[in-house]
Amino acid sequence: MDPRAATVYRFVMRRVPRLKEPLVVREERDDGGFVLRSPTPLGARPANLSAWVERWARERPDTVAFAERSGEGWRTITWSALAEQSRAIGQALAERDLSLERPVMILSGNSIDHALMTFGAMAVGVPVVPVSVAYALSSTDWVQLRHIFDLVTPGMIFVEHAAPFAKALAALDLTGVELVASEGGGTPLSALVKTSPSERFAERAATVGPDTVAKILMTSGSTDRPKGVLTTHGMLTANQQSLAQAWPFVDDAAPVLVDWLPWSHTFGGSHNFNLVLRNGGTMYIDGGRPAPALFGRTLENLAKVAPTIQFNVPAGYAMLVKALEDDAAFAKQFFSRMEAVFYAAAALPQDVWARLDAVAERTLGHRIWLTTAWGSTETSPLVTSAHFALDEAGNIGVPVPGCELAFVPNGGKLELRVRGPNVTPGYHRDSTKTAAAFDEEGFYRIGDAGRLADTEAPARGVVFDGRVAEDFKLQTGTWVNVAEVRTGCLSAAGGLLTNAVVTGHDRDYVGLLGWLSPSAEEGAREALAARLAKRNDEVKGSSRRVARVLLLEAPPSLDAGEITDKGYVNAAAVLANRAEQVEALHADAPGDDVLVLPD
């Protein structure tokens, strides 16, 4: 053989940080289900979150805890200053007798002042209720905001800048409620910061333990109103200890985040916020988000600060990967000290995964660790972690120490249920929904389904299998796996769709309601139809093929509960609110606005 004709093949490594070996114990159940748990005991953790604030104030007093943009530079606060100002605010809140019955409601977005109010309240056992900014600033009727206000009955409301919230505040009955603002009205936050901690502070701080409620996080709601998830100090400290045992690399070097994810949600507000807190790291608060008008801010911030871990939702990565592909210098900066790229809230389309792999390989000479985890607001949120190398999306990992994951046969799927110290004791002032959320063994009914990636080797992880209630049957009696169809279509669309909802319950075929990307150019409809038709050719069975697509002009409505401020679309609400469009999509004689794909 002519040696000059030989081809050199190179194996491209995927570099991962120091991780705990994934280990699980499987316990069989009489109903055909089973329980997975980690054999590693959950390690020691403090009684409350404030213990970590005080630790870093002693050990890393001059390390920046939080930073936010101020002009071309950053406003920063060190761990020592954070602890000092939090104690002062805690004293002020204790003097006002705030409590679980009269908590602090926070309407503003992520900021240093938001963090100060949070830590000050937590120091004296006063829960905070961080509310999605969209409920106040993007809503037109404030129905969701009024519902939350009436549910939690706050004794204090904090807004950073009062003026933008004037209309939302006017929609609330603020009798007996103190308004605190950084500027623009009410009690100045600076007045709270000047309060001198006294014996009363020490007395209140001493009572804050694992069962003390740290925050009430509002669920996104579906066709129902948001529920208030009681989130205790013990839930949050246990969750961070679980994460540290799965990710021991966070003990090697304090994490640095550039993060936009809202603190009103569990991903940003519990997982990422407390990752920085537990490990004495630094969070650069990103004022951008994955939206055309704001994503430029994210790119500016990432160009200034290279994170050690990147957190985002799939829509954010779809925008980020293009910027990395287009600018080699930016890619070099972004990956310069990156340990992990983490996605959650929805499955990452495989085309985005492949593009991230490609740009990392081109920049670094190797692939980086792409990973995910799984949980919910009620689990604070971590239940499973994919703390091993993956090459495609879908695997959500194995249970972390302290968590038990039950697989219960349900309608042809395995329903997932969770038990552990990270699980909520229930919903605020709603005993009926609390009782319905747990089974007779105390497992929380999370509503998702899963299956083992390898039935003979459970340590290879769990594959997310959609929501138990969202799958449906066609008229043929064939079940449609909604999560698989939706993710497959978004991936095949190659960025032309920002989101989609699967239709077809009791119909002859599967349909898709979708939203075109704002950056889509002329001819996007035809290109989308061609890409989805190609996907249809590659999959088998009527339950996996999409026959028709209807592109929606009106964006998902926040007021109607169709979307969260993370961009997660609530399919049940969309289908209920847009019944006319669903009928038009499945009509015997479809209109010109319906894309009919070839059989």
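Model, not experiment: these values are computed from the prediction.
Distance check, rounded to the nearest 0.5 Å: OH of Y444 to OG1 of T424 gives 8.5 Å. A distance of 12.0 Å separates OG1 in T377 from CZ in F267, rounded to the nearest 0.5 Å.
Annotation: cation-pi geometry satisfied between K227 and Y427 (NZ/CZ under 6.0 angstrom from ring centroid, within 45° of ring axis).
Between V480 and L474, the shortest heavy-atom distance links the atoms CG2-CG, 3.8 Å.
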Identify all side-chain donor-acceptor contacts of residues 339-350 below 3.5 Å with residues at least two apart in sequence or on another chain.
from: Q350; atom 1: OE1; to: A393; atom 2: N; distance (Å): 3.1
from: Q350; atom 1: NE2; to: D391; atom 2: O; distance (Å): 3.3

Which atom pairs, one a donor and one an acceptor, fall under 3.5 Å between side chains of residues 300-309 and the rest of the protein, sequence neighbours left out?
from: N301; atom 1: OD1; to: R69; atom 2: NH1; distance (Å): 2.6
from: N301; atom 1: ND2; to: D286; atom 2: OD1; distance (Å): 2.8
from: N301; atom 1: ND2; to: R297; atom 2: O; distance (Å): 3.2
from: K304; atom 1: NZ; to: E72; atom 2: O; distance (Å): 3.4
from: T308; atom 1: OG1; to: V256; atom 2: N; distance (Å): 2.9
from: T308; atom 1: OG1; to: V256; atom 2: O; distance (Å): 3.3

Candidate pair V276 and L257, rule side chain to side chain contact (heavy atoms under 4.5 Å, CB included), full reasoning: CA-CA 8 Å; V276 170; L257 308 187; 3.7 Å; yes
Residues L324, T363; criterion side chain to side chain contact (heavy atoms under 4.5 Å, CB included); working and verdict: CA-CA 10 Å; L324 295 171; T363 305; over 6 Å; no
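Below 30°, between 30° and 60°, or above 60°: for F334 and F330 the angle between ring planes is between 30° and 60°, a tilted geometry. Ring pair Y284/W74 is perpendicular by interplanar angle, where above 60° counts as perpendicular and below 30° as parallel.
Taking a cutoff of 4.0 Å between a charged side-chain nitrogen and a carboxylate oxygen, E583 and R507 qualify as a salt bridge.
Considering L299, T298, L356 as possible partners of L320, the one that fulfils the side chain to side chain contact (heavy atoms under 4.5 Å, CB included) test is L299. Residue E378 forms a side chain to side chain contact (heavy atoms under 4.5 Å, CB included) with just one option from I446, L217, T219, and that option is T219.
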